[in-house]
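Here it is: the structure, laid out below.
Just so it is clear: chains get the letters A, B, ... in the order the sequence lines come, proteins before strands, and each one is counted from 1. This is a predicted model, so every value here is computed, not measured.
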There are 2 protein chains.
Amino acid sequence: MAQTDTVTRILDTAEVLFAERGFAETSLRNITGKAKVNLAAVNYHFGSKKALIQAVFSRYLDPFSDRFHAAIDELERGYGSKVIPLEVLLETMARTVLEVPAERHSLKVFMRLLGLAYSQAQGHLRRYIQDQYGTVFTRFVALVRKATPELPDSERFWRLHFVLGTVIFTLSGLDALRDIAEKDYDEHVSVRDLARRMRPVVVAAMKAPLPEPPQASSQA
Amino acid sequence: MAQTDTVTRILDTAEVLFAERGFAETSLRNITGKAKVNLAAVNYHFGSKKALIQAVFSRYLDPFSDRFHAAIDELERGYGSKVIPLEVLLETMARTVLEVPAERHSLKVFMRLLGLAYSQAQGHLRRYIQDQYGTVFTRFVALVRKATPELPDSERFWRLHFVLGTVIFTLSGLDALRDIAEKDYDEHVSVRDLARRMRPVVVAAMKAPLPEPPQASSQA
DNA sequence: CTAACATTCAAACAATTGTTTCCAACTGCC
DNA sequence: GGCAGTTGGAAACAATTGTTTGAATGTTAG
């Protein structure tokens, strides 16, 4: 009881503070102080601060990976050889992301880490995610491919990342955006509200007409 | 010559390092070391690290703000009392964004900084940008409002930020995405290519059908 | 030239960081 | 009870942080 309690309390507090301030801005003393555990407990149970961040990350992504695989299994079982519509695929993804049994703060942390994984110049974090959880993403993309046969592969690649950018940016900067939105339109938005608003936008983005062919002006 | 040289060298180095690692992860010794200036020079010329961060932003946003105001002026002069179409507005924004940092450093750096301004919990940065350059964006949003009268204000707010997320994420993670794209589809994409691909996607996103009304299940 | 100012520089500042140490308190097991 | 190994806790660790200091240097104007 004691061990689990300390470890869980550290993880719970860490993910909240990470989401609020970021990783570098959150000190271990900050976490252990709020979690009411000893400072050394972090290094004892996790080894280092970096490992703690990864643990927070895994606590979200592991259940997500499992659930999403299961959701796709069920989807494929239900649709048989028929093509799963894009809306269903996106909806399944969104539902799984929102479902994952964790605090609502962890979603923000997860999105921040995901954003870091891409923007960080050295792909150290990106490779970790790719190695650890790449199969889920690959499987999803293969289904999206069947659902959007009119898109060239490279076009679909870019559009999926356009959409990923929307999701990551909105959710990882949620606090800032929420502040503005509440002040200007005094409406409190939940993550679920955002998902509802994103749905038609994302679908429209994926189904947008193809761009005009590249200018062949100065190209051989 | 000496002063300008030192100040410029600090700004040049700082903006690159900030974009690479983030604000908190970049120390003044890191900047001054790489810029080959004395450590105290930062506090002497800028006052504090916080002020340096804002100075880095101003160097980008000042020319952008000027150019964008001018571009909107010309647009309004051309269209008179007629409504400026959404495509034209977005195209003007894109052109200005592409024009400005071309003089200095890469667009990627500016986008990373902008992304950090939102996601990083640095509240002072967001407020600084809002206070300093709020009028430009307010003016732009007002025109977008006229171009999209069917959208509720809050909906337009969110969609603009969805789009902002796409742009920031794609351009700030350009190196990583370009690596994948080149490996998987062996095609070299330029920033101009990306803009061409983004155009129909962004327009479709803004013109997407309205979301279904929020679930009134547990709400008063 | 010299006085006044602006800038650079090395050094030290106090504060905070992640990590480690060592010992007490506890657990489960014989 | 007594011994193993695990966990908790206060303190100290070394390193790094942003900032300040005061003297040295460079620059400019009278």
Thinking salt bridges, do Asp73(B) and Arg139(B) make one under a 4.0 Å N-O criterion? yes
Look at Ser27(A) and dT17(C) and indicate whether a side-chain polar atom (N or O) is within less than 4.0 Å of OP1 or OP2. yes
In whole angstroms, how far is the C1' atom of dT17(D) from the CD1 atom of Ile53(B)? 13 Å
Within this structure, what is the CG-to-P distance between Asp5(A) and dT27(C), rounded to whole angstrom? 14 Å
Between His45(A) and dG8(D), is there a contact of a side-chain N or O with OP1 or OP2 at under 4.0 Å? yes
Could you state the NZ-C1' distance from Lys50(B) to dT17(D), rounded to the nearest angstrom? 15 Å
Output yes when at least one side-chain N/O atom of Thr6(B) is less than 4.0 Å from OP1 or OP2 of dT7(C), else no. no
Let me know the distance between CZ of Arg21(B) and C1' of dT16(D), rounded to the nearest Å. 14 Å
Per-helix bend value, the helix from dC1(C)-dG30(D) to dC26(C)-dG5(D), C1' rotation axes over five pairs per end, 10° rounding, shows 10°
Between Tyr44(A) and Asn38(A), do the side chains contain an N or O donor and an N or O acceptor separated by less than 3.5 Å? no
Taking Arg112(A)'s backbone N and O only, do any of them form a donor-acceptor pair with Ser172(A)'s side chain (distance below 3.5 Å, no angle check)? no
Do Arg9(B) and Asp5(B) meet the salt-bridge criterion of a basic N to acidic O distance under 4.0 Å? yes
Regarding Ser65(A) and Asp62(A), is there a side-chain donor-to-acceptor distance under 3.5 Å anywhere? no
Are Arg21(B) and Glu15(B) within salt-bridge range, i.e. N to O under 4.0 Å? no
Are the side chain of Lys183(B) and the backbone of Arg178(B) linked by a donor-acceptor contact shorter than 3.5 Å? no
Take atom CD of Glu187(B) as the centre, draw a 6.0 Å sphere, and report whether it contains more than 12 heavy atoms from other residues, nucleotides or ligands. yes
Looking at DNA chain C, which of residues 28-44 of chain B put a heavy atom within less than 4.0 Å of it? Arg29(B), Asn38(B), Ala40(B), Tyr44(B)
Side chains of Thr148(B) and Arg159(B): donor-acceptor distance under 3.5 Å anywhere? no
For Ser48(B) and dG18(D), is the shortest distance between a side-chain N/O and OP1 or OP2 below 4.0 Å? no
